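Heads up: numbering here begins at 1 and tracks the sequence. Keep in mind the model is a prediction, meaning the values are calculated, not measured.
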Amino acid sequence: MTLYAVTDSAWTGEKTLMEQVKDALDGGITFLQLREKELDHDAFLKEAKEMAELSRQYGVPFVINDEVEIALECGADGVHVGQEDMACQNARKLLGPDKIIGVSVHNVEEALKAQADGADYLGLGAVKATPTKTDAKVVEFGEIKRVCDAVSIPVVAIGGIKKDNLMELQGSHVDGIAVVSAVFGAEDITQETKELRKQAEEMKRR
């Protein structure tokens, strides 16, 4: 069961983003995505290089949200692209066959297209209302299950997932959960991550 953490600099408090990511890695995240919407290229690249090195130390795959150029420059394991970003096929041409490409999808049609275009995994959501994307339309449980059953690549549920609603995904056949504020908004990131991973594993077993 993948516990996929997506960074969000809006949640940084007393600790730096890198310190928060280390806490999440200590807690047991199994996949890491760097998402930055405000930084200029140089600042983004510096941050990406540091995070790539940190993730390598923990043996955790590391991808960049949207920015294929940054992913190439920092030596990330791949990218995650949305429906409005670079097409999966174009990203594959630039990154080559060995990099990871994830694609955001919202329904079976988009999921099947992303798989056909060469995506390695899908980010499906939002599965719950989420403060990080207030305009995101919530994907109903039935559609989550239909997407999981329609494709042969891993499906990671994203959007508004936290401890008190994670078990509602039981029976959906998702292969992982992606979290933002549930981890990076926590007072004790390491402990919260451990609890989320344990709960996710339990949800998968049921």
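Looking only at atom types and distance, the side chain of Glu195 has no donor-acceptor partner in the side chain of Gln199 under 3.5 Å away. Side-chain contact, His41 with Glu73: a donor N or O sits under 3.5 Å from an acceptor N or O.
Residues Glu69 and Leu94 have side chains not in contact (no heavy-atom distance under 4.5 Å, counting atoms from C-beta outward). The side-chain heavy atoms of Leu122 and Val156, taken from C-beta on, include no pair separated by under 4.5 Å. Using a 4.5 Å heavy-atom cutoff, the side chains of Val60 and Thr30 are not in contact. Between Glu168 and Phe141, the closest side-chain pair of non-hydrogen atoms is not below 4.5 Å. Met1 is not listed as a side-chain neighbour of Arg197, based on a closest heavy-atom distance of 4.5 Å or more. Looking at Ile144 and Val127, their side chains come closer than 4.5 Å, going by heavy atoms from C-beta outward. Here the side chains of Asp175 and Thr2 are not in contact, with every heavy-atom distance at 4.5 Å or above.
With hydrophobic clusters built from ILVMFWY side chains whose heavy atoms lie under 4.5 angstrom apart, Leu112 shares a cluster with Ile101.
Residue Leu196 holds its CG atom at 11.5 Å from CD1 of Ile29, rounded to the nearest 0.5 Å. The line from NZ of Lys128 to CG of Asn165 is 5.0 Å long, rounded to the nearest 0.5 Å. Annotation: the span from Asp85 atom CG to Asn65 atom CG amounts to 6.5 Å, rounded to 0.5 Å. Between the NZ atom of Lys93 and the CG atom of Leu95 there is a distance of 13.0 Å, given to the nearest 0.5 Å. In this structure, the separation between CZ on Phe31 and CG on Asp77 is 7.5 Å, given to the nearest 0.5 Å. Summarising the geometry, atom OG belonging to Ser9 is positioned 9.5 Å from atom CD belonging to Gln20; distances are rounded to the nearest 0.5 Å.
Note on Arg92 versus Asp98: no salt bridge recorded, every NZ/NE/NH1/NH2 to OD/OE distance being 4.0 Å or above. Using a 4.0 Å cut-off between charged side-chain N and carboxylate O, Glu53 and Arg56 make a salt bridge.
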Acceptor/donor pairs from residues 146-154 side chains to any protein atom, 3.5 angstrom cut, sequence neighbours excluded:
from   : atom 1 : to     : atom 2 : distance (Å)
Arg146 : NE     : Glu143 : OE1    : 3.0
Arg146 : NH2    : Glu143 : OE1    : 3.0
Asp149 : OD1    : His173 : ND1    : 2.8
Asp149 : OD2    : Lys145 : NZ     : 3.1
Ser152 : OG     : Gln115 : OE1    : 3.1

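With sequence neighbours left out, Lys99 forms a salt bridge (charged side-chain N to carboxylate O under 4.0 Å, His left out) with no residue at all. Take Glu36 and apply the salt bridge (charged side-chain N to carboxylate O under 4.0 Å, His left out) test, not counting sequence neighbours, and it matches no residue.
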Could you give me the CA-CA distance, side-chain angles and deciding distance for Lys46 and Asp42, then say whether salt bridge (Lys or Arg N to Asp or Glu O under 4.0 Å) is met? CA-CA 6 Å; Lys46 181 177 183 295; Asp42 290 347; over 6 Å; no
